[in-house]
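Shown next, in C-alpha cells, is the structure this report addresses.
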Amino acid sequence: MQYYSLHNNSPKVSFQEAVIKGLAPDKGLYFPEEIEPLEASFFQNINRYSNNEIAYELIKQFVGDEIPIDTLKEIIADVLSFDFPLVEVESDIYSLELFHGPTMAFKDVGARFMARCMSHFNKTNPNQVTVLVATSGDTGGAVASGFLGVKGVDVVILYPSGKVSDIQEKQLTTLGQNIRALEVDGVFDDCQAMVKKAFLDTSITDKMQLTSANSINIARWLPQMFYFAFAYKQLKDTSKKLVFSIPSGNYGNICAGMMAQKSGLPIDLFIASTNENKVVPTYLDTGIYEPKSSVQTISNAMDVGDPSNFIRIEKLHGHDFEKLKNNLHSYSFTDDETRKAMRNLYDDHHYIADPHGAIGYLGIKKYLENNNAQCIFLETAHPIKFLPVIDPEIASKIEMPEQIKSVLGKEKVATKISVYEELKSYLLE
Ligand SMILES: *Cc1c(COP(=O)(O)O)cnc(C)c1O
C-alpha cells in the first residue's frame, strides 16, 4: 500500500516509510491511496472470528506485504492481549471499555502496534529513531509503555509540570531504559510548540531521525479501527441502527472508526462528543471551520483547539459538507455537565465513568432526544487516571487496578526544562 500526503506536495511512500517519517516532508498527514471494503459476509459472520482475526482482516490491506503475514499476526496477538468489553449501561446504550490495557488508556493499542512495527523495521534499518512526543497526560504513558525496550528507538516525552495527574506522571517517568521524560515548566501547548519546533529544526533533523507517536502516525491511528469491530461483534442485535459516540480531541479515534466504516463495518452515524474546545461542533452548525487556542477542562485529553486528524475526516467525505453532516454529528459539553453526567451514571446506572467517557455518554443522550438508535460510547480511560476531577464519594468506590499499583511505588526520573534551547541541547547530547 502506498501513502500520499494530504498536502499533495510530497512523493508517495510505503507503509514503512510513512511509519518512520510520521509526517510527510510537506507537513501533510499521510493517507492510504485506496480503501478496499471487505466482503459483507465477513461482517455478517463476525462472531465466528477471534479479535486477532478481525484485526488482521481490517489492517492487512494497509500494511500490504511490508510485514510478513506471520509476523503481522504475532504483532496483533501481542498488541491485543487484553479485553475490550461492551457493557450495557442502560437500554440501548453501551460503553465500550477501552481501558483494560497496560496504561489503562485506549492509546495503548495504537502505541503498542506502532512500537512493534518500528521494531520489525529496525531489524533492517540501522539508524536509531527518536520518538518525540508532547503529552497532556495519557499519550505519554501509553507511548512509554508501548516502546519500552524496543531496540533502535529512543523515546523522549515532554509533559507540563504539575498539569498531569500523579498516576499519569508515574506512568511516564518511572520506566527507564530507552524512555526519558522532560518535565516542562509550562502548559501542554508549550510542550507541543517545542516538539513542533524540533521537527522543523534542521540542525536537529540533519543529525537524527525524529518521529512522532501521536495519531498523525498511521501506525498509531489505523489500529484504532479494531475497536469498532470488536464492539459490533459483541452486539446481540445487529439489525438496529448503530451509532458510535466518540470523546474526541485530535479526532484520530473517530477517524479510525470512519475507516472501519469505509472497510464495510455497518455503522450508521458517528457522534463527536467534546468539551468546550468546540471547533468541530461549531463547524457543523455554521459551516465555518475556525481553529482556536485550547481551553483547559476536566477532560483534558480533549483540550485541543486545532484537531490534527480533521483533514483526514474531510478527505473521507470527499470534502463534501452535506455528506459529512449526514455521517457526523457533534456536540460540546461544559465541565458542569460532565460532572453531572458522571454523577447520574453512578447514581442511576451504577457505572463509574471518567470525564471523557461521560462526555461520550452525554453525546448519546443528546442525540437520542430526537432520534432512535442503538448507541455505543467509547470509554477511553479508566476513571482512576482522573481521580482529582471525580467526585470524592464516587472516587472512593474505585478499586486500584494492578497496572496502576505497580507504578505508584516507583521513583520518578525526569529532567526539568523551560525553554526550547534546553530541549535542543538535550536531544543533540
Ligand atoms: C487521547 C484521548 C482522547 C481523544 O482521542 P483523539 O483520538 O485525540 O480524538 C479521548 N479520551 C482520552 C482519555 C484520551 O486519552
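Atoms within each ligand, like the ligands themselves, are counted from 1 in listed order.
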Looking only at distances, please establish whether an N/O atom of ligand 1 is found under 3.5 Å from an N/O atom of [X].
{"X": "Ala381", "result": "no"}
{"X": "Thr380", "result": "yes"}
{"X": "Tyr251", "result": "yes"}
{"X": "Asn250", "result": "yes"}
{"X": "Gly252", "result": "yes"}

Please determine if [X] and [Y] form a salt bridge, counting it only when a charged side-chain N lies under 4.0 Å from a carboxylate O.
{"X": "Asp108", "Y": "Arg112", "result": "no"}
{"X": "Arg116", "Y": "Asp78", "result": "yes"}
{"X": "Glu314", "Y": "Lys323", "result": "no"}

Side-chain donor-acceptor contact under 3.5 Å, Asp185 with Ser418: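 Judged by distance alone, the side chains do not pair up.
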Taking atom types as modelled and ignoring hydrogens, do the side chains of Glu33 and Tyr4 form a donor-acceptor contact shorter than 3.5 angstrom?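 Glu33 vs Tyr4: no donor-acceptor pair found between side chains.
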Value for CD1 (Ile204) from NZ (Lys197), rounded to nearest 0.5 Å, stands at 10.0 Å
How long is the straight-line distance from CG of Asn217 back to CG of Leu23, given to the nearest 0.5 Å?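 Leu23 CG to Asn217 CG: 9.5 Å, rounded to 0.5 Å.
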Nearest-contact summary for [atom] - protein heavy atom, Å:
{"atom": "atom 7 (O) of ligand 1", "result": "Asn253 N, 2.9 Å"}
{"atom": "atom 4 (C) of ligand 1", "result": "Gly249 N, 3.6 Å"}
{"atom": "atom 5 (O) of ligand 1", "result": "Phe106 CZ, 3.5 Å"}

For ligand 1, which atoms, with element, lie under 4.0 Å from some heavy atom of [X]?
{"X": "Ala301", "answer": "2 (C), 12 (C), 14 (C), 15 (O)"}
{"X": "Asp138", "answer": "13 (C), 15 (O)"}
{"X": "Lys107", "answer": "1 (C), 2 (C), 3 (C), 14 (C), 15 (O)"}

Under 4.0 Å, counting heavy atoms only: does Pro247 come that close to any atom of ligand 1?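 Yes, Pro247 has heavy atoms under 4.0 Å from ligand 1.
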Non-hydrogen atoms of Ser248 versus ligand 1: any pair closer than 4.0 Å? yes
Pair Asn309-Ser215, side chain to side chain donor-acceptor pair (under 3.5 Å): steps then yes or no: CA-CA 8 Å; Asn309 283 289; Ser215 51; 2.9 Å; yes
Of all heavy-atom pairs linking Ile76 and Ala55, the shortest is CG2-CB, 3.7 Å
